[in-house]
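Remember, predicted model here, so these are calculated numbers, not experimental data.
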Amino acid sequence: MSTSPILAPLNAAQRAAVTTGAPQTLVLAGAGSGKTRVLVHRIAWCLEQGLASPSGILAVTFTNKAAAEMRARIEQLLARPVGGMWVGTFHGIAHRLLRAHWREAKLPEQFQIMDSDDQQKVVRRAIRGLNLDEHHWLPKEAQWFINARKDEGQRPAHIDTAGDHVLQTMVEIYKAYEEACQRAGLVDFAELLLRAYELWRDTPGLLRHYQERFFHVLVDEFQDTNAIQYAWLRLIAGERAHVFAVGDDDQSIYSWRGARVENMQRFRRDFPRHEIVRLEQNYRSTGNILDAANALIANNTARLGKNLWTDGSRGEAIKLYAGYNDIDEARYCVERVRDWHRDGGRFDDCAFLYRTSAQSRVLEDALRQADVPYRVHGGFKFYERAEVKDALAYLRLANFRGDDAAFERIVNLPARGIGNRTLDDVRQTARLERITLWDAAVRLIAHRELGSRAAGALQQFLSLIDELAHEIEGLGLDSTIELVVERSGLVDHYRKEKGERGLDRIENLAELVTAARDFELPEDDGELPLVSAFLSHAALEAGEGQAGSFEDSVQLMTLHSAKGLEFANVFLVGMEEGLFPHTRSASDPNQLEEERRLCYVGLTRAMKQLTLSYAESRRLHGTDYYPQPSRFLRELPSNLVEQVRLGGASPALDPRTRVVEDTNGYPYRLGQRVHHRTFGEGVVLHLEGRGAHTRVQVNFAAGGVKWLVAAYAGLEAD
DNA sequence: AGGTCGGATCTTTTT
DNA sequence: GATCCGACCT
């Protein structure tokens, strides 16, 4: 049995999880303990042992990437393709269910998925429709409210307003928004989950069908599930299914989005026949890094409890650098990356992690200056770009005239003389008659209730869409997109935009055609028309920001997007009070613990080298701040940390922390006051080079800014 | 109907 | 300081 490739590479705990006979299993998987591996091997094990057929397996993740990786690794392990399994994201699987059972779910067959951008616009329209002041009732806040409620599984009718006027109004907005979505066949992300839940809850026959099919339900990142996802899982699990949930309460960093760590505790209550397996052996990081991470997270209360260990080496000390300012901090990190590269390391293996995306700027500047290639993760996704969404809106409307979000988006883009007055008439008619914007437009024109100019322009738009719909019939997907781009007039419109921007956009439209050409129908979604499948794909899988450049480059990302990844050489920058932990989280103990978990996630990304840094002054929002070093730094055992200083003595955080001179052996510290025989008093601005070649830039009170070779300058510290 | 200006805002963002 | 949004102007 141990010769099986499925079990052979596993340690005892992993093997116990993979081969468990318990009907319900909760795997507490520490960072780097082989979480994905256990999921993959568990599925392979069930298949190989004949405990399950592929079609009996439902495996749920949070990201498309994780789902794709899981499927690929299962097939690799079994050395054959495995059809019939449902492996996907919560949203992807919910979507699939709703497509298959749109009637029971009370959706139009052509329903479309909205991203949060679209959603905000529909919310805004709902607010205006209720004649509310949108400065007081901010669309963003209402959107937040609606999503939070949906994440909790609450419809407007479920919310007890208890006479609270504000709450009452929010619920009214929620209701109006819901009606608008229903009319237009629009489904937001939270709605996908809620609908899928209600579909099963309210259609017992259907639920039974799926319960009988999915005998094995597996969940990744269980600590990130929200209330509705948990309820959905309980439904499908029923009394019979084997449930296999993998998660780490210490890596729960999405509570602000409705994720509920308590679901791990609830699992133990709701699935009484469960078994718990702890994966604590870490295969990623050095002993020092793990000890630091363990010590940090021990400051949190309410943990399920876990202690990571490794039988690998202690590794190097964790480095802590106190920058003179944010620019110096970035400069230091980039220099360490260059050292790494000079010693034969790859840029790819280096990651700069930060709390807020705004921090990437300074790092990027420093990298560019040093000519080090880099890549920023997160940010704008391909399918979220305005021009891409514009083009897709044409396709959406041609596909389904009732799509109000698409209608609003392009009715006057490019400008075709349909002004706000006209549109308000259309909107009002739609609202009063409870019909779609499209139908309202048709009606207004037919009843001659518009000025002749407006009516003409509007009719032209309607005809354009109708013609487009006709012309794309029978075309391939890429020809369809090509035609849409061409007929929409978007290219001409963007050509008029000045500067690079317009060109960029036209390029992206071309890229969209390429994306359509490369698009393949998901194997099991054969029933869905190609165009619908592509539109859903665009909404559910927004794609990476930049087209993948394959150059060896330093990776930049927020701590949130670093979860699940690992790098040999990690830089955790901006370790400052106010920034990390963030001010907005400092007052609430729960949020503070989440910040600490975020820090834990950051530390545990590192395999070999870990550098922490902070700046003594930082430019933020146009003003200078002088932050204190992060409290998290004080929570790290001082014997694991080595503070790096550019010459000169400066108080370490903890008197026991070792202080070492920078390896460059700089004799001065940035910001240090110095004295020169001829130039007089000055302040050190920059240091570069090493050893005998060290050069120092000094701003002299009398002589201005000068570069000097340290060895000959004869500078004296003041 | 589009451009410009002033003001508010400034955490994280799997889908 | 940068950006995003809406009001206002042309």
Original post:
Looking at A:Lys150 and A:Glu178, does any basic side-chain N land under 4.0 Å from a carboxylate oxygen?
Top reply: no
**OP:** Please say which of A:Leu610, A:Val570, A:Leu559, A:Leu572 ends up in a side chain to side chain contact (heavy atoms under 4.5 Å, CB included) with A:Arg605.
**Re:** A:Val570
Original post:
According to the interplanar angle, ranging from 0 to 90°, do the rings of A:Trp232 and A:Trp200 count as parallel (below 30°), tilted (30 to 60°) or perpendicular (above 60°)?
Top reply: parallel
**OP:** Could you tell me whether A:Arg99 sits above the aromatic face of A:Phe111, with NZ or CZ closer than 6.0 angstrom to the six-membered ring centre and within 45 degrees of the axis?
**Re:** yes
Subject >> A:Thr558 side chain, from C-beta outward: closest of B:dC10, B:dT15, B:dT13 >> reply: B:dT13
Original post:
Hey, does A:Gly564 reach any base, or is it just sugar-phosphate, or nothing, if we go heavy atoms under 4.0 Å?
Top reply: nothing
**OP:** Consider the side chain of A:Thr89, meaning its heavy atoms from C-beta on, and name the nucleotide among B:dT15, B:dT14, B:dT11 that approaches it most closely.
**Re:** B:dT15
**OP:** Could you give the distance separating C:dC4 and B:dT13 at their P atoms, to the nearest angstrom?
**Re:** 16 Å
Original post:
Which part of the nucleic acid, if any, lies within contact of A:Glu595, taking any heavy atom under 4.0 Å across all strands shown: a base, the sugar-phosphate backbone alone, or nothing?
Top reply: base
Subject >> Whole angstrom value for the distance that separates P of B:dC10 from CZ of A:Phe580 >> reply: 21 Å
Subject >> Ranges pairing with ranges for DNA chain B, where each run has three or more Watson-Crick or G-U pairs under 3.5 Å >> reply: B:1-10 with C:1-10
Original post:
What about the rings of A:Tyr254 and A:Trp256, do their centers lie closer together than 6.0 Å?
Top reply: yes
Subject >> Nucleotide of B:dT15, B:dT11, B:dT12 approaching A:Ser357 most closely (side-chain heavy atoms) >> reply: B:dT12
Original post:
Atom CZ of A:Arg355 and atom P of B:dT13: how far apart are they, to the nearest Å?
Top reply: 8 Å
**OP:** Would you indicate which nucleotide in B:dA1, B:dT11, B:dT14 comes nearest to any side-chain atom of A:Ser585?
**Re:** B:dT11
**OP:** Take A:His621 and A:Thr63, find for each the nucleotide of DNA chain B with the closest heavy atom, and name the residue whose nucleotide sits nearer the 5' end.
**Re:** A:His621
**OP:** Classify the nucleic acid contact of A:Leu413 as base, sugar-phosphate or nothing, counting any heavy atom under 4.0 Å across all strands shown.
**Re:** nothing
Subject >> Value in whole Å for how far the C1' atom of B:dG2 lies from CZ of A:Arg421 >> reply: 18 Å
Original post:
Nearest to the side chain of A:Arg584, which nucleotide is it out of B:dT15, B:dC10, B:dT14?
Top reply: B:dC10
Original post:
Nucleotide by nucleotide, 5' to 3', does protein get under 4.0 Å of the base (B), only the sugar-phosphate (S), or neither (-) in nucleotides 5-10 of chain C, counting heavy atoms?
Top reply: -SS---
Original post:
Is there a donor N/O on one and an acceptor N/O on the other, under 3.5 Å, for the side chain of A:His91 and the base of B:dT15?
Top reply: yes
Subject >> Anti/syn call for B:dT12, syn if |chi| within 90° >> reply: anti
Original post:
Passes ring pair (Phe, Tyr, Trp, His ring centres under 6.0 Å), A:His377 versus A:Phe352? Steps please.
Top reply: CA-CA 11 Å; A:His377 293 251; A:Phe352 288 177; over 10 Å; no
Original post:
Out of B:dA1, B:dC10, B:dT15, which has the shortest distance to the side chain of A:Asn412?
Top reply: B:dA1
Subject >> Which nucleotide in B:dT14, B:dT11, B:dT13 has an atom nearest any side-chain atom of A:His560 >> reply: B:dT13
Original post:
Within a reach of under 6.0 Å around CZ of A:Arg421, are more than 12 heavy atoms found that belong to other residues, nucleotides or ligands?
Top reply: no
Original post:
Once you round it to whole Å, what is the distance between P of B:dT13 and NE2 of A:His582?
Top reply: 12 Å
Original post:
When the distance from CD of A:Glu576 to P of B:dT11 is rounded to whole Å, what number comes out?
Top reply: 16 Å
Original post:
Hey, is CZ on A:Arg361 packed in by over 12 heavy atoms from elsewhere, all under 6.0 Å?
Top reply: no
Subject >> Nucleotide B:dT15, atom C1' - distance to CH2 of A:Trp256 in whole Å >> reply: 12 Å
Subject >> Separation of the P atoms in C:dC5 and B:dT12, to the nearest angstrom >> reply: 15 Å
**OP:** Ignoring hydrogens and angles, tell me if any N or O in the side chain of A:Glu152 forms a donor-acceptor pair with the backbone of A:Ala227 under 3.5 Å.
**Re:** no
Original post:
Is the distance from OP1 or OP2 of B:dT14 to the nearest side-chain N or O of A:Asn64 less than 4.0 Å?
Top reply: no
**OP:** State whether A:Arg266 and A:Glu262 are salt-bridged, where the test is any N-O pair (Lys NZ or Arg NE/NH1/NH2 against Asp/Glu carboxylate O) under 4.0 Å.
**Re:** no
**OP:** Go through A:Phe461 and A:Phe407 one step at a time and tell me if the ring pair (Phe, Tyr, Trp, His ring centres under 6.0 Å) criterion holds.
**Re:** CA-CA 10 Å; A:Phe461 173 68; A:Phe407 186 100; 5.6 Å; yes
Original post:
Starting at the 5' end of DNA chain B, which residue's closest nucleotide do you reach first, A:Ser561 or A:Asn420?
Top reply: A:Asn420
**OP:** Can you tell me the distance, in whole Å, between the CD1 atom of A:Ile228 and the C1' atom of B:dT15?
**Re:** 15 Å
Original post:
Separation of A:Asn590 atom CG from B:dT11 atom P, in whole Å?
Top reply: 20 Å
Original post:
So what does A:Phe90 touch, heavy atoms closer than 4.0 Å: a base, only the sugar-phosphate, or nothing?
Top reply: nothing
